[in-house]
Amino acid sequence: MNVNQQPPMASPYGQPQPGYGQPSYAPLGGGYPGPYGPYSGPATAYQPGAPQGYSTYASFPSKAVPANPVSDLPSPLDLGSTRGPPPVSTNQAYSQYAQGDIQNGPPPMDHSMAQPAHRPPVCQPYSQGAMNLSGPHPSYPQQYGVQPSMQQMTNQMSGMQVGSGSLTSAGPGYAPPPSSEPPISAAYSAAAPPSYTQAPHPVSGAPSQPSPPSEPAAPQPYYDGPPPSQQQPFPSSAPPPSQPFPSSSPYSGPPPSSQPRAPAVSRQQSFPPGPPPPAQQTFPNCAPPPVSQALYSGPPPSSQPGPFPPTFASPAHRRPTPLPPGPMQQPLQPGMQGGYPTQQNGAFGQPRGPQPGYAGPQYPGQQNYGAVPAPTPAPTQKRLDPDSIPSPIQVIEDDRANKSSEPFTTGVKGQTPPLVTTNFQVKDQGNASPRFVRCTAYNIPCTADMAKQSQVPLAAVIKPLAMLPPDETRPYMVDHGEAGPIRCNRCKAYMCPYMQFIEGGRRFQCGFCSCVTDVPPHYFQHLDHTGKRVDCCDRPELSLGSYEFVATVDYCKNNKLPQPPSFIFFIDVSYNAVKSGMVNIVCQELKTLLDYLPRENPEADSVVRVGFVTYNKVLHFYNVKSSLAQPQMMVVSDVGDMFLPLLDGFLVNVNDSRVVIESLLDQIPEMFADTRETETVFGPVIQAGLEALKAADCAGKLFLFHSSLPIAEAPGKLKNREDKKLVGTDKEKSLFQPQSGFYSNLSKECVAQGCCVDLFLFPNQYVDVATLGVVPVSTGGSVYKYTYFQAEMDRERFLNDLRRDVQKPMGFDAVMRVRTSTGIRATDFFGSFFMSNTTDVELAGLDCDKTVTVEFRHDDKLSEDTGALMQCAVLYTSCSGQRRLRVHNMAVNCCSQLADLYRNCETDTIINFFSKYAYRSLLNTPTKTVRDTLVNQCAQILACYRKNCASPSSAGQLILPECMKLLPVYLNCVLKSDVLQPGADVSVDNRAYLRQLLGCMDVSESHVFFYPRLLPLVKLDGGSLPMAVRNSEERLSKGGVYLLETGLYLFLWVGANAQQELLSNIFGTPTFSQIDPNMTSLPELDNPFSQRLRGIIDSFRSQRSRYMKLMVVKQEDKAELIFKHFLCEDKSASGGASYVDFLCHMHKEIRQLLS
Ligand SMILES: [Zn+2]
């Protein structure tokens, strides 16, 4: 290793600051990347002499540091020889693995017996019969994706059989608003041609191919990004046709240019002209919700005239003045549909148009409930006051006021944590922090029947490697040395606070399966008079909810300690990629970014090795060995059978090869500046990365920077199958399914190798995200999408995403197992991973932002006395190459009364689960069915409450449980999301992207995604944020400025009559018309308001896993349409119901269920 040439951590790039993109991301990151302090946890009495205690990270065993694998590899190839079989075949390793050897986890007993050297005899007891975390691997009998059969969707979910699950999910992204800025054309200085050693052209089987014109561009929706300006997207030179590649000609350096042709790409369009189409839908027979509460009797508090005082009732609501059930019980009369009262459009004074009811077809679920239509509530022409229905803002503020002052301690079983929108500190006292695990319910039904009756989903959203705020202690590391972690003999649960020590401490009884296991001698400790071990407080695994174990070699693939991971960068250098400026930006950035590869210890060099490939329809590998004066390029044009043309010098240590790497990164943009190649491959690129990791015998991550639909002749070639006519039909689901099985099969190989793929897309037209995302989604990777990428406008967002993605703490080659106590079990999983059996969640990579959502179901009766336990164990390789086990424990209560269940639910988590369930169901189920099923299940949840828990009252009253009173408003946001109810302008790619993205979101992200945060920027004095307002146009004042956060974008909405002083403070101009709507960052003005506002924006960005681009929206500009899309309490342009209307509809559904 070279001398450490790292810039000090204080350099601007790496400095921890509240901003984004730093090695330690402020609010979240504090604890994670830093050095790990010595354990000083629950007790101070840690005895160093205790057998195999835990060590701090700073002193983890040196065995984790491997030799430099590069030097271990043979380098049999001449640089020029690019043809022939891969020099080192790793197929062997892989096939062994597939044939049933242990991948992750201790070997089965016979195996460990065969290798006694690994363990002292005392260790034997708990390695016996080892069912390990992953067990022997079948050779992937299953289809990629998950699996739950229909039967697995239990009775509990019977109302929601939206289809059996399948693999993946991915996510969302609204693109930037249109701009009139033409993309920059990258003008690279023409430097002297690089001196590449030219590789002889391999015998290529690739047919030379006439250039097919690029697919015709479909009109792009405005969400997809700033549509290219009316002016042309490309510099005047026409994009060349893809160029035939002579199979026999030696290929040297930059691709030759040839006759240009007419631009193959045409991009049009953008903004739907004019205002959104009027929403059509109506609530048939819908009346203003006969809201009110039976619980309160008395005069209405408000002075609302009219027979329907819009009061809202929830039992726990402490409203002093109860309402008389009187007029509200009045049944609505049929035939009043269309009768929804006109609503005034608050701030703008425009009438909101009559809202004719909710159209029947939207919710045919009604038909399921009886031929007899429920008595339709009689609408009076009285407008329902939105202030009278449950307000998300009020709930958020109340929780903040009540729960942010005291730390949330996890010692008490079954406590519902504060909302994700509340700032609070967590103290781990034996259950996992809500930052790691959030549950839909903290008091779960004792029986399956009860669970089925309530229809409340039982699920946990788990973020195993979540970063913690600086004031919270990250999980301690426990090292039991060669003996490895202590486990239950039968169920293999890891030592945790739920294990009961008996017989004076010589044995322990498992809290999960009740099996009794001997305590190994080295772990023995006496018990105190209460039966607890006297060292209980000194050991994280006996006193805390979350901690880590150092894993032994038994937990490693092939019983070999892992190598440190590698990062390989694949840069698309086709015409579009170069012209958009992407290639130049990536190469420039990598020169700096490579100094910030993940590391355990900020003082030390990263041990992650790097490699570089560029590609269009062929691949160019680079030898960047430190001894070379210049990088060498090797071209592989036979993409049909991908192999790695070099070993030595491909994966290198950054410090060793710094000069060569920098030279390469300087030369790549020049080399391809004049490229005329428009075609790309995609499958072979991933195959190449996979082969490289196999050859180096390590796990790692591939970073793909890709621009177009891979239409070049190669494995994984795709065709343009976008067909908007399918949207809304029963065949819509096919748009979300991968085009072929190629990528699913490739995923399996990647997962087996621990090869995680992150994909950065820069599309100008349809690229089939549903198919390209398959490998990233099944390997624990991420997809980023920058539609119509323009260097000037999008550079900041892309670079911040890239920086964070490269630096973020992550584990490799991971496998996760969730164990539960008798009576329940994990039955379904959601997220970015692969499963080859029903229990092991395999993640080639698992980063700090990824969640895995687990659904549980009963398989027996639970007991109120013991509650239910869950233990999530994740085995992974750290960025330094150490094998570790992270363990999260969670105990919840069990109840035999439905009321207890309804008092301890968490609606935000329920919505997170429902949305993931629904988005995944789209793969197999018509969209309308998915939507209907969601509505139906939520109606059943609320009807069950009404029937069993609420005080008797008139059916005309809508009564919601206190902790679920926001279920309708949030559910409506899910239903009208672009994925489930797209407007005409939402592209198939964007929906596929959002669908995949959601699959990994934690509760905080899904909350802001479905219900964005809208802040009025009136007074910004003091340290606290202004109180948010509800997401409705009615709440906007023409004289104000508002900040809207969606989790993916930030909008700054400027009212047409905004005060001049306000505008001056923010924009430096007092004139509305002079504000530039294309700005992506605010001017740095020297006034407190500007400083505070920019501080708020920075802090919002630092809290999200993706950089939120800022867009300025002036009132009545066309870009306002995009902004209004996020005002989710209003009726949407795509036909989504307003909150008020939807509440009426839900009420009707509930009444039908009850009648
Ligand atoms: Zn057990």
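Start at 1 and go down the list; that is how both ligands and their atoms are numbered.
- The side chain to side chain donor-acceptor pair (under 3.5 Å) test applied to Gln871 returns Asn889, not counting sequence neighbours.
- A ring-centre distance under 6.0 Å is found for Phe524 and His526.
- Listed by first then second residue, pairs satisfying salt bridge (charged side-chain N to carboxylate O under 4.0 Å, His left out) with a partner in residues 431-443 read Arg435-Glu472, Arg438-Glu906, not counting sequence neighbours.
- Residue-and-atom listing of protein N/O/S atoms under 2.8 Å from the Zn ion (ligand 1), sorted by chain and number: Cys488 SG, Cys491 SG, Cys510 SG, Cys513 SG.
- Partners of Ser433 according to the side chain to side chain donor-acceptor pair (under 3.5 Å) rule, which considers only residues two or more places apart in sequence or in another chain, do not exist here.
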Walk me through it: do Arg884 and Glu600 pass the test salt bridge (charged side-chain N to carboxylate O under 4.0 Å, His left out)? CA-CA 13 Å; Arg884 294 180 184 159; Glu600 219 72 77; 3.1 Å; yes
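- Between Tyr547 and Tyr476, the distance from one ring center to the other does not fall under 6.0 angstrom.
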